[in-house]
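Report on the following structure.
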Amino acid sequence: MQSIGLSAKDLTVSYGDHAAVKRVSLDFSAKQVTALIGPSGCGKSTFLRSLNRMNDLIPNCTVTGEIWIRDQNINSPSTDVVSLRQKIGMVWQRPNPFHKSIYENIAFGPRYHGTKNKKKLDEIVEQSLRKAALWEETKDRLHNSALALSGGQQQRLCIARSIAVKPDIILMDEPASALDPVSTSKIEELISELKQDYCIVIVTHNMHQAARVSEKTAFFLNGEVVEYDDTPKIFTNPQRPETNDYITGRFG
Amino acid sequence: MSAKTADKIATAVIVGVAAFIVLVLAGLLGFILYRGVGHISFHFLTSAPETIRKGGGIGPQLFNSVFLLVLTMIITIPIGLGAGIYMSEYAPANKITSGIRLIVEVLSSVPSIVVGLFGLLVIVNLFGFGFSLFSGALALTVFNLPLMVRITEQGLKGVPREQKEASLALGLSKWKTITSVMLPIAMPVILTGTILAAGRVFGEAAALLFTAGMSSPRLDFTNWNPLSPFSPLNPFRPAETLAVHIWKINSEGLAPDAAQIAAGASAVLVITVLVFNFAARWLGRYMYRKFTAIK
């Protein structure tokens, strides 16, 4: 797996006249987990959704600035958004498996991207489920509805679904906040596994989670990045008073 | 008056109103069925009507109604689906789009007799399709289409945004996302709505008086050549439907048993529409279970 990171330069996201993210520049390294923390409404989810151009779907939303992967600015209008998104996977807060079987949830993407061979698809399904630590629980019922799985299993299925199309980067928007503690710790273990292969950017409200899973942490406040540094440093020795106030629970 | 008494009175009034509506509906249905069911027989459903003698049936009319329904749906479903998909997924949120939406709403509330007159002037005369099943199907399309567009649009709008985003995030095109992820989820709603619309088409009379015509040629049910004027399959022949037939024999029927025939035909019509409604509900529930719950 080639190591690929992502870098945002002067990224501004506005809804109408209101700027939700203001001139944010951040670099994300490959094979690392970067956590975005901050109080509700600080723009961290909006920023995340801009990285795979998901905000294109929202009317009135404009994104200016540059997002670089390798030597391509993916925020330029000439970018083929559809093929770009194959390279950037995404996991949402609420598990959102397709209303299809477990097998189809995973085979759906690869089949569309050209893998028609049944044997190859079987392989991809098994590999993806194994990577998402879901294979043992589902191998006997691959053709049952994905909606019959528990919330935690559904979320792991969504992760398996996104890695099945072989992305370089995975964006996670509070992937564990709708799950119980056991499922949460499973997802966190999974994130630590996956960072060996992918560049992961995770938005989280849970500061302990950020401290546990990430190498780097960016603290967002009112649409700006207040501080961006190695995770241990942010949590033990923050340079800015706002960061200190937030992580010690004085607001947010 | 205490809050408790007010609550009791309000409850009583609401229950009373509901009971009244149910009673009226049940009475209406019961009356139609009571008067008509006795007259329904295999002979009645399959044989041709008589002009002045007793014992005529409604066979051709029943066939015409079904055929017209199929024709209408063949025209309406693709156009309605396409327009609904456009309105829900492609149309930009601007004044033109809300203008289109308003026109669709207005179109769906145009009285059907006006649609019939429009059909007579434009489809029958101007386009020269004459009194025919095809003209009737086009006229019915005019007032069925808005319904179909709205059903499709609402069905797609009801699909959770995360489902759409999940598909797009996998690198799937917008079209593939619509056809493979969104339409299956919206399908129970669309299908239920389509069947209900079909029920409305089946019972429609006014829009057909001047388009599909009030008479049928002597149909030869052994002639399956769709180009022959006596073949039941010819879409360019005049065709009197069941609802139109009821209106006609009630107003100018000469047969001595005209009243019974009208009652029997009404019962057949009501039963068919009921079947459509129950089928829609059953199918909607079945598909919902199939798409969402555990197998």
Side-chain angles (χ1 to χ4, degrees), chain A residues 48-49 51-60 80-102 104-114 141 143-149 154 157-158 161-167 169-173 178, chain B residues 85-101 153-192 283-295:
Chain A
L48 189 83
R49 288 171 52 87
L51 297 179
N52 66 345
R53 303 270 305 263
M54 209 39 96
N55 281 336
D56 289 13
L57 301 182
I58 313 234
N60 248 331
D80 176 5
V81 182
V82 171
S83 66
L84 153 79
R85 292 199 182 114
Q86 191 193 343
K87 291 281 141 211
I88 308 181
M90 192 162 195
V91 178
W92 282 258
Q93 178 174 5
R94 272 193 312 166
N96 57 348
F98 295 131
H99 297 196
K100 301 174 190 288
S101 69
I102 295 168
E104 272 307 308
N105 259 279
I106 297 182
F108 187 55
R111 187 186 292 127
Y112 174 77
H113 292 299
R141 45 174 175 151
H143 296 282
N144 287 10
S145 168
L147 301 176
L149 295 172
Q154 288 188 6
L157 179 69
C158 292
R161 173 178 72 185
S162 72
I163 57 184
V165 294
K166 301 194 166 47
I169 297 146
I170 303 177
L171 309 174
M172 299 186 175
D173 192 356
Chain B
I85 290 172
Y86 173 79
M87 294 297 284
S88 159
E89 299 303 312
Y90 288 89
N94 58 22
K95 280 195 176 142
I96 299 175
T97 307
S98 36
I100 297 176
R101 201 164 280 131
E153 190 182 351
Q154 279 171 356
L156 286 174
K157 281 258 156 76
V159 175
R161 199 179 78 185
E162 287 93 355
Q163 288 286 327
K164 183 175 157 185
E165 288 187 351
S167 172
L168 292 172
L170 288 176
L172 271 78
S173 68
K174 190 171 180 178
W175 179 241
K176 181 73 181 170
T177 298
I178 292 169
T179 53
S180 295
V181 175
M182 300 179 71
L183 275 181
I185 297 175
M187 201 41 86
V189 175
I190 295 176
L191 209 71
T192 311
L283 205 65
R285 269 209 300 268
Y286 170 78
M287 291 186 76
Y288 182 78
R289 268 207 311 273
K290 194 169 169 210
F291 281 130
T292 55
I294 311 109
K295 268 192 210 174

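Numbers restart at 1 for each chain; the letters A, B, ... are given by sequence-line order, proteins then strands. Side-chain atoms are counted along with the backbone in the values below, which use heavy atoms only and exclude waters and symmetry mates.
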### Query
A/Phe108 ring centre to A/Arg161 NZ or CZ under 6.0 Å, with the angle to the axis within 45°?
no
### Message
So which residue, B/Ser167, B/Pro92, B/Pro160, ends up with the most heavy-atom pairs under 4.5 Å with chain A?
### Response
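Counting heavy-atom pairs under 4.5 Å, the top option is B/Ser167.
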### Task
Could you have a look at B/Arg161, B/Lys164, B/Gln163 and say which one has the most heavy-atom pairs with chain A under 4.5 angstrom?
B/Gln163
### Query
Checking side chain to side chain contact (heavy atoms under 4.5 Å, CB included) for the pair B/Tyr86/B/Glu153: CA distance, chi angles, key distance, verdict?
CA-CA 8 Å; B/Tyr86 173 79; B/Glu153 190 182 351; over 6 Å; no
Using non-hydrogen atoms only, which part of [X] is less than 4.5 Å away from chain B: side chain, backbone, both, or neither?
X: A/Phe98; value: both
X: A/Ile58; value: side chain
X: A/Leu57; value: side chain

#### Entry: Contact class of B/Ala166 relative to chain A, heavy atoms under 4.5 angstrom
both
## Note on the structure
Counting heavy-atom pairs under 4.5 angstrom with chain B, the leader among A/Pro97, A/Ser83, A/Pro59 is A/Pro97
### Task
State whether a side-chain donor-acceptor pair under 3.5 Å links A/Arg85 with A/Asn52.
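Looking only at side-chain atoms, A/Asn52 and A/Arg85 do not form any donor-acceptor pair under 3.5 Å.
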### Message
Given 3.5 Å as the limit, does a donor-acceptor pair link the side chain of A/Asp173 with the main chain of A/Gln93, or not?
### Response
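Checked: no pair found.
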Do any side-chain atoms of residues 180-192 of chain B form donor-acceptor pairs under 3.5 angstrom with protein atoms, and if so which ones, sequence neighbours left out?
| unit_1 | atom_1 | unit_2 | atom_2 | d |
| --- | --- | --- | --- | --- |
| B/Ser180 | OG | B/Lys176 | NZ | 3.2 |
| B/Thr192 | OG1 | B/Pro188 | O | 2.6 |

### Task
Can you sort out the partners of A/Arg94 under salt bridge (charged side-chain N to carboxylate O under 4.0 Å, His left out), two or more places apart, ordered by chain and number?
B/Glu162
